[in-house]
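Below is one structure, written out as structure tokens; comments come after it.
Whatever order the structure lists ligands and atoms in, that order sets their numbers, starting from 1. Predicted model, so just to flag it, every value in this text is computed and none were measured.
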Amino acid sequence: MLPLRKRLSYQQAKWALLLVLFLGSIVSVAQIVIDWQHEQKHVDARVEKILNILKDPAIQAAYSLDRQLAAQVISGLMKDDAIFEAELKDDFGGIIARQRVAPSDDHLGWLAELLVGRIIFFSTPLIVEPDLRVGQINVWVDGAIITSDFVSRSIRVLLFGLARNLVLGIALLGLFYVLTSRPLAQLTQQLKQLDQQARRPKGLTYLDGHQEDELGILVETFNQVWASRDQTESLLAEKEAYFRAVMEQSGEALILADLEGNILDVNAEACRSLAYDSDELVKLTLADIDANSSHRSIVIWVRAIEEGRPVSIDSHFRRKDGLVYPVEIRCNLVTLNGQKCLLASIRDMSERRKAEDRVHYLAYYDDLTKLPNRRLLQNRLELTLSVARRHQHIGALLFLDLDRFKMVNDSLGHAAGDELLALTAVRIKGCLREEDTAARIGGDEFVILVPELSDDLSVAQNLVRQLAQRLLVEFSLPFNIRDQSVYITVSIGISLFPFNDATGSDLLQQADTAMYQTKAKGRNGYYFYRAEMQTHANERLIIEKALHLAIENAELSLQYQPQVNAQGELSGFEALIRWNHPTLGRVPPDRFIPIAEETGLILSIGRWVMVEACHQLLILQAKGLPKTFKRLAINISPRQFADDGFVDEVRDVLRLTGADASFLELELTEGMLVKNIDAVILKMKTLKQLGFSFSIDDFGTGYSSLRYLKHLPLDLLKVDQSFVRDIVWDSNSRAIVHTIIAMASHLDLALIAEGVETDEERQILSKLGCKNYQGYYFSRPVNAELLVSLVGHRVEFPLLRVESIE
Ligand code: C2E
Ligand code: CA
Ligand code: CA
């Protein structure tokens, strides 16, 4: 309840009253002034009137000098209480009669002095005939008495006015209360209740008697606004509900944060994966759960989103319990209440990373013995070899093959065989130092890589001999398998490096050869490989020299290996280079391409391949390509792709030949893509604009990391031959191929399996989800003439008898 003095009615009444008082006072004052003027005249008239009445007796008394009459006249005058002295004089100024009383008190004297004078003197001559003057009457009037009459009258006027105004004020207060304050208070009460009630009423109700006045209009206007607010609110509520539903139904964790990183909202999935309650999360910032995010990184994300670039960040989140797990964050900007916010959707990458690690493990390790496999060994071997060359120290490769392992397998069963292999691995490792590598490269074949023995050849030989002997001794002890003592021996072949430029595979080959020598000589022993190193080095020099003239002398040619789809229809070709030298004969590409790389000749050879392939494409097109045909693939070597002029070179070839790049595919290898990834992406994008597509050759043997693959504009993965080769008997290879196929489909890439040699391989691949193939089973590489005839007819693969003329 409002206190009285704050109420509108009181204020209105107060001001009205003040105004009335003010105006009333002015009126009263004016009234008094007029009254005063009137009073002045009245005094004169009054005295004159009395004098007039008494004039005749006075004349008579003065004329006859009748003192008695004179005294009566004067007494008559004195009856007027304003007159305090009067006298009647004869013609000569002698006093006939006179009376005087004391004038009144002095308390209004000052006012009388101001208004009329303290004492007013009247004198009237007594005249009988025009010239006969008989005497004179003098009268003294007391001004104070007159004034006091006037004052009391004035006070009455003022008091009455005041009383009237007060009554008026109270009446106004009541009136205003009834007309204004009370209805307003009622409306206020209604308004208060509006927001408190659970079921929202439609609005205010009209007040009795106020339907059509301003209050009525107020209620009406308010109700309209209220209705539209209600509508907006329910619209907002619907939107909010929709937003929440979208957030909650998303399978991904969603976090809404402001641009400072403060978390504003989260969905249930985010709470679940971070192990927080939502109340706790909304008190945190992004930096609290993601060590990599900061204000700066948020600014960078926002800029990227605004420039239309997709923002996808690999990061790590920290759960409430401290556990850190890998995530992929994708960000969007949303505007809420006029404020820009980040909506981050978070994908838990733990499973994916595990799968990647698993693929990596399967690709590089042997699951049975947990040792590195052939692939990892080869990588390490190349690396070791180059280090040994640089530092001029000698290392060794030992090839171990268990003697008569097959017998163990056959007699005790596969499981026992597997157990034996696992124990063999343990025993081999027991003989090695930390820096040595033991690998399992085949059924019962193991390889030991000793990176550094000595700088001196004879010392190195001695050391490796000791190692071999130690291994033989270790193997002379029985293996305990299922409570049985199993005896097995091992044959070892040793090659030393680095000598001349034997490659890793050369060294393996040499150690293998030496091992066979051991077997031939009765097993359970070791042999060194002794090569005529000089011959090898010479051969390399000869090749290098001859290669310089290969293009000029038209010794190079291309062959084309068909690629087929699931229905066995032609989907493309891979162009493969051939070199036929007059004296060296056919030099395989594996032999001369690395030399061309090293010497830089690959640049001109690569260009030649491209021009040749483009010409061939035009010929095929003229002949009419089948509908199923997609692309002609060209191998690009790392040095070629890395060359600054590569893109220009490619453009030049297109211009020169007029070939249509959308029918061309460039085969790259993983190794050449991971370095300088930004420059690589730029190069690939430029080429893509020209129409080219891209495939990754020998996929699975290199880095096999999706982390960079997803950033590249790729079209196709070519599963490496080595997996296909082992797919029938090796479950690891099957698992790898299976995972690669899943990855490819996840990344939206096409996939082709290379080196398919048998129908069995094709069937297994097909079951794993592979739909494109290349390999001897379908067709060997064919020369240009045969190629034209392949395109001409609607052939189906595998071909029965189209062999290459190699
Ligand atoms: P690559 O790119 O992996 O080519 C596939 C190789 O596998 C070819 O060997 C092909 O003849 C062979 N191949 C195809 N199907 C089968 C099969 O079913 N079983 C087996 N065992 N092998 C099969 P090729 O022609 O000897 O080429 C070897 C490598 O030389 C190529 O491997 C590629 O890396 C390189 N190369 C060939 N031509 C060129 C070229 O024009 N430029 C460049 N830079 N490198 C080339
Ligand atoms: Ca290739
Ligand atoms: Ca390949």
Side-chain angles (χ1 to χ4, degrees), residues 375 503 505 547 550-551 555-564 572-580 586-614 616 631-643 646 649-650 653 664-672 693-702 716-728 737 740 751-762 765 772-784 797-799 802-806:
R375 208 168 286 120
T503 62
S505 6
L547 202 53
I551 299 180
E555 292 160 9
L556 299 178
S557 63
L558 287 185
Q559 291 210 333
Y560 303 86
Q561 186 173 31
Q563 300 174 330
V564 305
F573 293 110
E574 177 177 3
L576 296 161
I577 195 165
R578 297 291 174 260
W579 180 23
N580 198 355
R586 292 199 186 99
V587 186
D590 286 336
R591 187 89 191 100
F592 71 85
I593 292 284
I595 299 173
E597 271 264 326
E598 267 170 49
T599 53
L601 280 170
I602 194 69
L603 296 181
S604 48
I605 292 178
R607 183 185 161 98
W608 178 87
V609 170
M610 223 167 335
V611 172
E612 184 67 20
C614 287
Q616 196 60 45
R631 278 176 289 266
L632 171 59
I634 302 172
N635 287 286
I636 304 295
S637 89
R639 172 117 178 222
Q640 207 182 341
F641 186 73
D643 192 69
F646 181 65
E649 185 93 325
V650 172
V653 170
L664 294 171
E665 175 183 299
L666 304 181
E667 288 196 3
L668 312 175
T669 52
E670 290 175 80
M672 57 216 252
S693 38
F694 288 101
S695 61
I696 291 217
D697 207 355
D698 308 336
F699 185 75
T701 59
L716 181 83
L717 296 186
K718 298 190 80 180
V719 180
D720 188 54
Q721 301 196 1
S722 62
F723 300 111
V724 177
R725 195 193 306 134
D726 301 341
I727 205 162
V728 175
V737 172
I740 292 176
L751 177 129
I752 184 167
E754 276 192 288
V756 182
E757 292 185 349
T758 64
D759 191 33
E760 195 180 1
E761 287 168 0
R762 186 197 60 96
L765 286 165
N772 297 288
Y773 314 92
Q774 178 184 345
Y776 293 168
Y777 170 67
F778 298 97
S779 164
R780 290 186 170 255
V782 298
N783 62 22
F797 295 87
L799 294 177
V802 183
E803 297 280 286
S804 76
I805 313 171
E806 278 195 276

Looking only at N, O or S atoms in Glu754, which is nearest to the Ca ion (ligand 3)? OE1
Check this for me, if you would: do Arg639 and Glu597 make a salt bridge, where the nitrogen-to-carboxylate-oxygen distance has to be below 4.0 angstrom? no
Can you find a heavy atom in the side chain of Leu765 that is under 4.5 Å from one in the side chain of Val737? yes
Using side-chain heavy atoms (C-beta onward) and a distance below 4.5 Å, is Val653 in contact with Arg607? yes
First locate atom CD of Glu667, then atom CG of Asn635, and finally report the distance between them rounded to the nearest 0.5 Å. 4.5 Å
Any protein heavy atom under 4.0 Å from atom 9 (O) of ligand 1? no
Atoms of ligand 1, numbered as shown, that sit under 4.0 Å from any heavy atom of Gly775: 15 (N), 18 (O)
Just go through Asp720, Thr669, Asp590 and tell me whose heavy atom is the nearest to atom 28 (C) of ligand 1. Asp590
Which of the N/O/S atoms in Asp697 sits closest to the Ca ion (ligand 2)? OD2
Looking only at protein heavy atoms, identify the closest one to atom 20 (C) of ligand 1 and say how far it is in Å. Glu757 OE2, 3.2 Å
Starting from atom 44 (N) of ligand 1, find the nearest protein heavy-atom neighbour and note its residue, name and distance. Ser637 CB, 3.5 Å
Any idea which protein heavy atom is nearest atom 18 (O) of ligand 1, and the distance to it? Tyr776 N, 2.7 Å
Closest non-hydrogen protein atom to atom 12 (C) of ligand 1, residue and atom name please, with distance? Gln721 NE2, 3.4 Å
Consider ligand 1: state whether an atom of it lies below 4.0 angstrom from any non-hydrogen atom of Gly755. yes
In terms of residue, atom name and distance, what is the protein heavy atom nearest to atom 27 (O) of ligand 1? Pro589 CG, 3.4 Å
Any protein heavy atom under 4.0 Å from atom 34 (O) of ligand 1? no
What protein heavy atom is closest to atom 14 (C) of ligand 1, reported as residue, atom name and distance in Å? Gln561 OE1, 2.9 Å
Among all protein non-hydrogen atoms, which one is nearest to atom 42 (N) of ligand 1, and what is the separation to 0.1 Å? Asn635 O, 3.6 Å
Would you kindly specify which portion of Ile605 sits under 4.0 Å from ligand 1, judged on non-hydrogen atoms: side chain, backbone, both or neither? neither
Before signing off on this row, confirm whether Asp697 and ligand 1 have an N or O atom pair separated by under 3.5 Å. yes
Ile740 and Gly700: which non-hydrogen atoms are nearest, and at how many Å? CD1-CA, 4.3 Å
For Phe778 and Tyr773, take the angle between the two ring planes, folded into 0 to 90°, and tell me which bin it lands in: parallel under 30, tilted 30 to 60, perpendicular over 60. parallel
Does Gln774 come within less than 4.0 angstrom of ligand 1, counting non-hydrogen atoms of the residue? no
Right, does atom 31 (C) of ligand 1 have protein non-hydrogen atoms nearer than 4.0 Å? no
N, O or S atom within Glu574 nearest to the Ca ion (ligand 2), by name: OE2
Verify, without hydrogens or angle tests, whether Asp698 (side chain) and Asp720 (backbone) share a donor-acceptor contact under 3.5 angstrom. no
Non-hydrogen atom of Glu754 closer than 4.0 Å to ligand 1: yes
Contact partition for Arg578 relative to ligand 1, non-hydrogen atoms under 4.0 Å: side chain
Quick check on contacts: which atoms of ligand 1 are under 4.0 angstrom from a heavy atom of Val609? 41 (O)
Contacting atoms of ligand 1, where contact means under 4.0 angstrom from a heavy atom of Val756: 18 (O)
Which distance, rounded to the nearest 0.5 Å, do you find between the CD of Gln721 and the OH of Tyr776? 7.5 Å
Asp698, N/O/S atom nearest the Ca ion (ligand 3): OD1
Qualifying residue for side-chain hydrogen bond (donor to acceptor under 3.5 Å, both in side chains) with Ser695, from Glu574, Glu665, Arg631: Glu665
From Leu601 atom CG to Ser637 atom OG, the distance as rounded to the nearest 0.5 Å: 11.0 Å
For Gln559 and ligand 1, answer yes if some heavy atom of the residue is under 4.0 Å from a ligand atom, otherwise no. no
Restricting Glu667 to its N/O/S atoms, the closest one to the Ca ion (ligand 2) is OE1
With a 4.5 Å limit on heavy-atom distance, are the side chains of Leu632 and Tyr560 in contact? yes
Quick one: closest heavy-atom pair of Ala784 and Gln616, and the distance? CB-OE1, 3.6 Å
Quick test: of every protein heavy atom, which one is nearest to atom 38 (N) of ligand 1, and how far off is it to 0.1 Å? Ile577 N, 3.0 Å
Side chain, backbone, both or neither: which applies to Pro781 and ligand 1 if a contact is any heavy-atom pair less than 4.0 Å apart? side chain
Rounded to the nearest 0.5 Å, how far does CE of Met610 lie from CG of Leu666? 7.0 Å
Would you say the side chain of Asp643 lies within less than 4.5 Å of the side chain of Glu649, judging by non-hydrogen atoms? no
For ligand 1, which atoms sit closer than 4.0 Å to a heavy atom of Asp698? 3 (O)
Does any non-hydrogen side-chain atom of Pro562 lie less than 4.5 Å from one of Gln774? no
Numbered atoms and elements of ligand 1 in range of Glu574, under 4.0 angstrom, heavy atoms: 2 (O), 4 (O)
Hey, does Asn580 have a side-chain heavy atom less than 4.5 Å from the side chain of Arg586? yes
Closest non-hydrogen contact found for Ile577 with Leu558 is CA-CD2, 3.7 Å
